[in-house]
Structures are given as C-alpha cells and as structure tokens.
2 protein chains.
Amino acid sequence: MRSPFRRSETTVAACTIGAVSDRADPNATIPAAGPAAGGRRGSRGPKKVGAVNLRDVAAHAGVAPATVSRVLGGSRHVNPDTRTRVLAAAAELGYVVNGLARAMTGRGTRSIAFLTAEMAGFTFGATAAGAESVAAENGHLLLLCTTHGRAERERQIIATLCEQRAAAVLLVGSSGTDRLYTERIAGYVRDLATVGSKLLFCGRPGLPGLPEVRSVDYDHVGGIKAAVSHLAALGHRSVGYVGAPRGGTMPDLRLDGYLMGVRENGLEARPGLVAHAQNTIEEGERATPLLLDADRPPSALVCMTDNVAVGAYRAARARGLRIPEDLSIVGFDDAPVVGDLTPGLTTVRPPFRQIGVDAAEIALGLRDGDTDVLLGTSLTVRGSTGPVRA
Amino acid sequence: MRSPFRRSETTVAACTIGAVSDRADPNATIPAAGPAAGGRRGSRGPKKVGAVNLRDVAAHAGVAPATVSRVLGGSRHVNPDTRTRVLAAAAELGYVVNGLARAMTGRGTRSIAFLTAEMAGFTFGATAAGAESVAAENGHLLLLCTTHGRAERERQIIATLCEQRAAAVLLVGSSGTDRLYTERIAGYVRDLATVGSKLLFCGRPGLPGLPEVRSVDYDHVGGIKAAVSHLAALGHRSVGYVGAPRGGTMPDLRLDGYLMGVRENGLEARPGLVAHAQNTIEEGERATPLLLDADRPPSALVCMTDNVAVGAYRAARARGLRIPEDLSIVGFDDAPVVGDLTPGLTTVRPPFRQIGVDAAEIALGLRDGDTDVLLGTSLTVRGSTGPVRA
DNA sequence: CTGAAAGCGCTTACAG
DNA sequence: CTGAAAGCGCTTACAG
C-alpha cells in the first residue's frame with residue numbers, strides 16, 4: 001500500500017542554448033570571459049576579469065565616474081544628453097550596479113530580517129507574506145531566519161545580521177517572558193543599534209523590561225474572550241481550556257483570555273477545567289481526555305490553537321462524543337482546511353498577513369508615530385459549536 | 001456572532017533599561033553617541049560618528065589594520081600574543097565586522113534567494129525551511145522573494161538580486177513551459193552569470209530549452225501513478241482526474257502521471273473522465289460535479305492537489321455520496337489536517353523539505369556531480385480510498 | 001552641469 | 001609574523 005521513498009538521479013547533458021536576453025549586447029554580459037568591457041572597444045589595462053563596473057561605463061561613455069554615479073543614482077542636475085549617453089553605455093555593457101558597494105556608502109537598500117522559531121506552519125507563512133510584500137514594494141529584500149528555538153543559533157543569526165547590516169529584525173511569534181530572556185533580547189537590541197539597525201516584535205506583545213522595542217501584535221486575549229462569550233451565549237456554563245501552561249507570551253495571553261472570559265461571563269471556574277497541551281495535534285489529543293474523562297466534564301472546549309482543537313476532535317470521536325451535540329469546540333488561528341473538518345471548526349482568526357505588513361512598514365520607517373500596534377481578531381463560527389444540551 | 005475587526009493602538013513610553021549585554025564594554029557599543037571608540041581612551045580625530053571599524057580596533061590594539069584583518073579573517077601566521085591583543089581590543093570596542101565591505105573583496109558570505117510565486121501554502125513553507133536550514137548551517141542567509149505570478153515583478157526581483165550579489169537563486173514551484181517563458185528565464189540565467197551567480201530549479205523539472213540549469217524535483221508522475229495503481233488494486237476500473245489543464249510544469253506532469261497510470265493499469269480511458277480545476281478548494285468543488293453528474297461517473301477520483309481533493313469532498317457530500325463507499329478520493333501534497341478530515345484523505349506525500357535541502361546544498365556548491373535530482377514520493381493511505389462497490 | 005579627489009571598511013599581495 | 005600600499009566599486013562634498 002505504501003510505496004517506498006526512493007531517490008533517483010537523472011543525468012543532464014551540459015550544453016548552452018541561444019535564447020535571447022534583454023541586454024542590448026549579450027556578449028558583454030558574459031562573465032569571466034576575459035576583459036569584460038574592454039574586450040570590445042579600446043581595452044584599458046589587461047587586469048579586469050570580473051563584471052563590468054561603473055568606471056568601465058564612464059570610460060565607454062566618455063565621462064567621469066562621478067557623472068555615471070549621478071545618472072544612475074537618479075540625481076537631477078545632469079545634462080539630458082549626458083544622461084542618455086551614460087544610460088546607453090550602461091545598457092550596452094550590461095552594467096549591473098554593485099549594491100554592496102553602494103550600501104557601504106550608506107546609499108544601498110538594506111534588507112529586513114524575519115526571525116522566527118520555525119518556518120513551517122500556516123501562521124508563519126501568512127505573516128511572512130505580508131512582510132515580504134511591503135519589503136518588495138519598497139525595493140528591499142526579506143531575509144528569512146529560523147532559530148529552532150535554540151538560543152545559541154538565535155545569537156549567531158543576530159550576529160550575522162549585524163554583520164550584513166540588516167535594516168531591521170522582526171522577531172516573530174511567541175517568546176519567553178523571564179528575566180534571562182529579556183536580557184538576551186536587550187543585548188540584541190544593543191548590538192543591532194551599534195550597526196544602525198533595530199528590533200521589532202511581531203505577533204507577540206512587547207516585553208515589560210524592554211518598552212523601547214515596538215510591538216505589532218493581534219489581540220490574543222480579546223480573541224479568546226470572544227470565543228468564551230460565544231459559548232456562553234449558546235448556554236454553556238462549564239467551558240474547559242486546553243493549551244500550553246504559562247511560560248511564553250502566546251500561551252500566557254490565551255490562558256488569560258480564557259480566565260477573563262470565564263469570569264466576565266460568570267461561568268464555572270476551577271482548575272479542573274484546564275488541561276495542558278503544547279501546540280500540536282498529538283498534544284491536544286493527549287490532553288483533552290483529562291477533561292472529558294473527569295468527574296464533571298465541560299460541555300465545551302476552548303483550545304489554544306487549531307492544532308490542539310484537531311487533537312480534541314480526535315479525543316471526542318474516540319469517546320463517541322458528537323460535536324457539537326455532546327461537546328462544542330473552538331480553535332484559534334483559522335488554519336487551512338479546518339473549515340472542512342466534520343463539523344467545520346469554529347475558530348478565532350487573527351490578521352496574520354496584516355501584522356506582517358504593519359511590522360515591515362514600521363521597520364522601514366514608512367509609518368510615523370511611536371506606538372505599539374494591536375490588531376483585532378474575528379470569530380469564524382462553523383459547525384463545531386452549538387447550544388448546550390438541555 | 002462575528003466580532004468586528006477592530007484596530008487599536010496603545011502608547012508605549014520610550015525609555016531605556018539597564019540589562020546586561022555580552023559585550024565587555026557595553027558603552028562602547030552605543031551608536032551615534034559621539035566618537036564611538038575614541039571616547040574612552042585617547043580619542044583620535046573628532047570625525048567619527050558611526051560604528052567602530054577595523055581601523056579603530058587596530059589603533060586600540062596598537063597594530064596595523066592588516067593585522068586585525070588577519071586575526072579576524074582567521075589567518076594562521078599571526079603571533080599568538082598579537083592575536084590575543086587584537087581580539088581583546090575588538091571585544092572591548094564592541095567591534096562588528098562590516099560584512100558588506102568584506103563581501104566587496106570577494107570574502108563575504110553571499111545570501112541565497114528563494115523565489116516563488118506565493119509564499120502562503122504548506123508546500124512553500126516546508127521547502128523554504130529545508131533551504132533555510134542548509135543556508136544557516138553554512139553561515140549564509142536566505143532571501144525570500146515572491147512574484148505573485150507577475151513577470152514584471154519577477155524581473156525586478158532578479159535585478160535586485162543581481163545588484164545585491166546573491167550567491168544563487170532558487171526558482172521554486174510550478175512554472176510556464178512555453179518558449180517566451182524559457183527565453184525570460186534564459187535572460188535571468190545570463191544576468192545572474194554576469195555577477196557570478198546562478199539559477200536553480202526547485203520543486204519543478206528542468207526546462208528543455210535550458211538544460212544547463214539544474215533542477216531538484218520530486219517525482220510528480222510517479223506519485224500520481226502510484227495513486228492510480230492503488231485505486232486499480234482496489235478494483236476501480238473507472239478513475240477520474242480533477243486538476244489544472246496543461247500549461248504549467250506541475251499540472252502537466254500530474255496529468256501525465258494520471259494518463260500513464262490509467263494506461264499501464266488498463267483502466268477506462270476517455271476525455272470525459274478529466275475535469276479542469278485550478279489549485280484551490282473552490283475550484284475542486286466546482287469541477288468535481290462535472291464528473292459526478294455525467295453519464296458514466298467514475299468510482300474514484302485522483303486530484304491534482306489536496307486542495308482540489310478537499311473541494312471534491314464538498315461536492316461528494318453535497319450529493320449525498322459516501323466516501324469511500326460511493327467514491328474514493330486521492331489527493332497530492334499531504335497537507336496538514338487532511339488526515340483528520342472524515343474520512344482521512346489518502347494522498348501522495350512529496351519530500352518538500354528535502355528538495356529545499358538538496359537545492360540549497362547544490363546552490364552553495366556543497367555537493368559535487370552535475371546531475372539533476374529527482375526524489376521519490378510516498379503514498380499515505382487513509383480512509384478516503386476503498387474497494388470499488390460491487 | 002561635470003570632474004578630480006577623498007572616503008566608505010575591508011582584504012590581499014608585496015616587502016620586509 | 002607584520003606593515004604600508006593598493007584596490008574592491010561606489011558616492012559625495014568640493015571646486016570649477
């Protein structure tokens with residue numbers, strides 16, 4: 001039934017085709033093929049081997065390097081004729097400005113970095129897409145880095161980003177909250193400042209000890225509270241929570257939201273209604289029975305994430321419980337396909353793409369103001385929640 | 001039921017905390033606060049404002065800049081004492097080498113770029129994660145770029161990548177196959193070569209007109225054929241296909257796989273068994289009825305992707321068809337959560353992460369050989385496929 | 001409007 | 001082993 005994972009390699013003959021480039025003179029763009037520019041008309045010096053540079057263009061156009069720089073750098077104050085001549089020379093030689101050299105003079109566009117624990121997962125992709133979109137529209141590149149949750153790797157990446165002079169670093173996703181962690185981040189902030197860069201939190205709240213670091217986040221607490229209120233409105237009095245224990249920004253806020261929602265709606269409140277599960281389907285499947293098999297099982301469950309909720313589906317099903325007749329379930333994230341589960345999952349949808357957009361805009365200084373950003377969430381109601389059984 | 005999407009902003013007081021950095025002398029790392037290095041002991045020249053540079057370190061250590069470069073660049077041939085002194089000076093001043101300047105001399109680590117149409121979606125994330133992992137392990141950064149399927153944007157991005165001197169560009173995902181497309185790509189290859197960079201295909205086959213561009217792909221054809229064979233083994237004689245029409249590498253290969261699978265297994269073959277749908281749930285939902293409502297509906301469906309398969313679930317359900325009793329369905333991708341549908345989706349799983357790993361390794365020259373790579377897929381059998389009804 | 005010169009921060013032969 | 005010099009490719013005052 002299960003075909004083996006095999007690996008095969010196919011050989012490909014190395015040869016060259018003759019398709020047409022956009023360049024006026026494709027020959028001039030071929031690298032490491034002897035004197036790049038000089039080869040064509042009036043070579044100067046036998047040294048050059050690399051790509052054609054600004055000086056080559058200047059010589060070819062019969063002007064000074066400074067003039068070429070002005071034309072390409074978009075300065076006004078250039079004679080139209082000169083401009084035309086320079087542009088023609090550049091095109092003819094297939095000149096490509098060296099962004100590295102330009103950056104050294106403070107003129108180049110520095111990249112912005114997207115730093116997260118893991119790249120897999122839906123939430124990451126949407127947020128990164130938002131950030132990339134803003135970066136690209138403004139001529140910047142987006143650097144993608146993952147720490148795999150290892151401090152040492154994180155430290156190494158920040159060091160590399162400092163060396164490469166990233167314009168800004170977006171720290172994305174949940175994080176620790178302890179003093180040691182705050183101090184580590186404070187070190188990054190200082191290191192980045194040294195090279196004229198800065199740190200931004202994205203998809204996580206600010207750190208109390210680090211108020212000068214801006215944060216772009218969505219309303220975890222409000223989202224969960226809306227979920228609890230939704231269940232309360234359906235008549236549920238005993239609502240359980242399945243999610244990670246305190247220790248990270250995301251788990252903390254979502255648990256807070258649950259506790260506040262329970263209090264504000266006057267629902268049953270006791271420790272026995274909370275079960276601990278990390279953010280995976282398997283963990284949700286493992287932890288949910290702790291609630292379902294207890295003495296007074298809840299009639300509804302709020303889950304920290306959709307992953308956990310899917311685990312809860314499994315556990316409910318394994319017990320022959322019908323959703324939502326016997327058990328209502330709410331998730332958080334609105335991941336793909338969860339709407340097509342049976343029944344569709346009611347879940348909180350955060351504006352993942354938008355926090356990426358906002359964070360990038362702030363990172364690039366496209367936005368004024370000196371305030372944190374907190375975006376709202378919306379509740380997507382599907383079939384997994386229903387009236388409490390009479 | 002649906003809370004409004006609201007946006008609120010919270011003000012944050014700007015202040016500085018006193019956490020401890022790794023630097024020996026944190027004061028020296030504070031930027032733009034007057035003479036960076038000189039401020040502490042014996043200032044030289046009143047000009048410097050930016051970060052401390054190699055010359056500062058040299059002066060501080062009482063050696064020539066060349067010596068500092070040797071120590072930091074990891075050259076042997078340095079007196080241990082000198083080395084120690086230089087290292088101490090660098091640490092004391094909070095020196096961070098300028099990777100841009102280093103890169104200009106051909107010494108720096110150039111980033112590799114991951115270029116795809118859209119960043120959202122599961123397949124992207126897994127592949128990017130693989131590539132990033134390899135890049136990071138080797139001290140490189142991964143640039144993430146999306147074209148949104150627009151040629152103009154693609155062109156612009158390649159230009160920027162040339163300017164920034166990316167080490168290599170991974171073109172990821174399905175693509176066109178026509179002559180115009182091939183010529184556009186050929187232009188990129190040439191432009192990139194100009195700056196010593198190269199192009200690589202990832203998650204797509206090579207282009208016939210461009211055999212010198214290497215490709216790292218998985219076996220689309222073999223994967224689909226395995227799906228068809230699986231259905232044939234269950235007794236199905238009439239197997240339909242729902243997927244995009246020809247015109248892109250991915251749709252072409254998967255359709256090829258279906259046609260070959262049908263032929264090799266001696267199944268019913270006719271145009272009426274193929275329905276066109278782009279890669280979305282909605283498209284699958286729209287196209288599937290074309291098959292189900294026809295005169296001689298198939299007893300099983302092979303879908304181009306999991307998205308399409310989920311759409312097929314919807315269509316089947318809308319008609320009261322039971323899966324797999326009345327209709328078997330197979331997907332492709334093994335996206336998250338599809339295993340938790342009712343029933344779980346039988347689907348082909350490509351090695352997304354691995355193609356990212358392999359592509360990055362080849363891009364960085366970590367692998368010898370001059371051959372394309374084609375990785376195998378595996379079939380994950382779940383509840384959506386069963387014996388044909390008697 | 002344009003050129004010659006100095007400078008960005010590093011590395012690498014070339015001589016000691 | 002170490003230093004002085006030249007060079008990487010660009011930009012920007014500074015003078016015409």
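Letters go in sequence order (proteins before strands), and every chain restarts at 1.
Judged purely by atom type and a 3.5 angstrom limit, B:His140 uses its side chain to pair as donor or acceptor with the backbone of B:Asn138.
Qualifying side chain to side chain contact (heavy atoms under 4.5 Å, CB included) partners for B:Ser197, counting only residues two or more places apart in sequence or in other chains: B:Arg110, B:Leu192, B:Val195. Residues satisfying the side chain to side chain contact (heavy atoms under 4.5 Å, CB included) criterion with A:Ala90, sequence neighbours excluded, are A:Val57, A:Tyr95. Evaluation of the side chain to side chain contact (heavy atoms under 4.5 Å, CB included) rule for A:Ala117 yields A:Thr147 as partners, not counting sequence neighbours. By the ring pair (Phe, Tyr, Trp, His ring centres under 6.0 Å) test, A:Phe201 pairs with no residue at all, sequence neighbours left out. For the side chain to side chain contact (heavy atoms under 4.5 Å, CB included) test, residues two or more places apart in sequence or in another chain that qualify with A:Ala363 are A:Ala168, A:Leu170, A:Leu200. Scored by the ring pair (Phe, Tyr, Trp, His ring centres under 6.0 Å) test, A:Tyr188 finds no partners at all (sequence neighbours excluded). Partners of B:Ser133 by side-chain hydrogen bond (donor to acceptor under 3.5 Å, both in side chains), not counting sequence neighbours, listed by chain and number: B:Glu137.
Atom pair A:Leu100:CG and D:dG9:C1' shows a separation of 10 Å (rounding to whole Å applied). Computed from coordinates, the B:Met104 CE to C:dC8 P distance equals 13 Å when rounded to whole Å. Look at CG on A:Leu93: it is 14 Å from P on D:dG9, rounded to the nearest Å. Atom CG in B:Asp56 sits roughly 10 Å away from atom C1' in C:dG9 (whole-Å rounding).
Residues from residues 78-86 of chain A placing a heavy atom under 4.0 Å of any atom in DNA chain C, listed by number, are A:Val78, A:Asn79, A:Thr82.
In this structure, B:Thr67 reaches the D:dG3 phosphate: one of its side-chain N or O atoms is under 4.0 Å from OP1 or OP2. Listed pair B:Asn98 / C:dG9 fails the phosphate criterion, with no side-chain N or O lying under 4.0 Å from OP1 or OP2. Using a 4.0 Å cut-off, some side-chain N or O of B:Arg55 falls inside it from OP1 or OP2 of C:dC8.
Paired runs in DNA chain C that reach 3 or more consecutive Watson-Crick or G-U pairs, where each pair keeps both distances under 3.5 Å, cover C:1-3 with D:14-16, C:5-12 with D:5-12, C:14-16 with D:1-3.
Straight-line distance between the P atoms of C:dA6 and C:dT2: roughly 23 Å, to the nearest whole Å. Taking atom P in both D:dC1 and D:dA5, the straight-line distance is 23 Å, to the nearest Å.
For the side chain to side chain contact (heavy atoms under 4.5 Å, CB included) with B:Val189, the qualifying choice from B:Val169, B:Ile158, B:Leu199, B:Thr194 is B:Leu199, the only one to do so.
Evaluation of the salt bridge (Lys or Arg N to Asp or Glu O under 4.0 Å) test over residues 144-154 of chain B, restricted to residues two or more places apart or in two chains, returns A:Glu132-B:Arg153, B:Glu152-B:Arg155, B:Glu154-B:Arg184. The list of side chain to side chain donor-acceptor pair (under 3.5 Å) pairs with a residue in residues 159-171 of chain B, not counting sequence neighbours, reads B:Gln156-B:Thr160.
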Would you mind building the protein contact string for nucleotides 11-16 of chain D? One character per nucleotide, 5' to 3', B for base within reach (heavy atoms under 4.0 Å), S for sugar-phosphate only, - for untouched.
BBB---
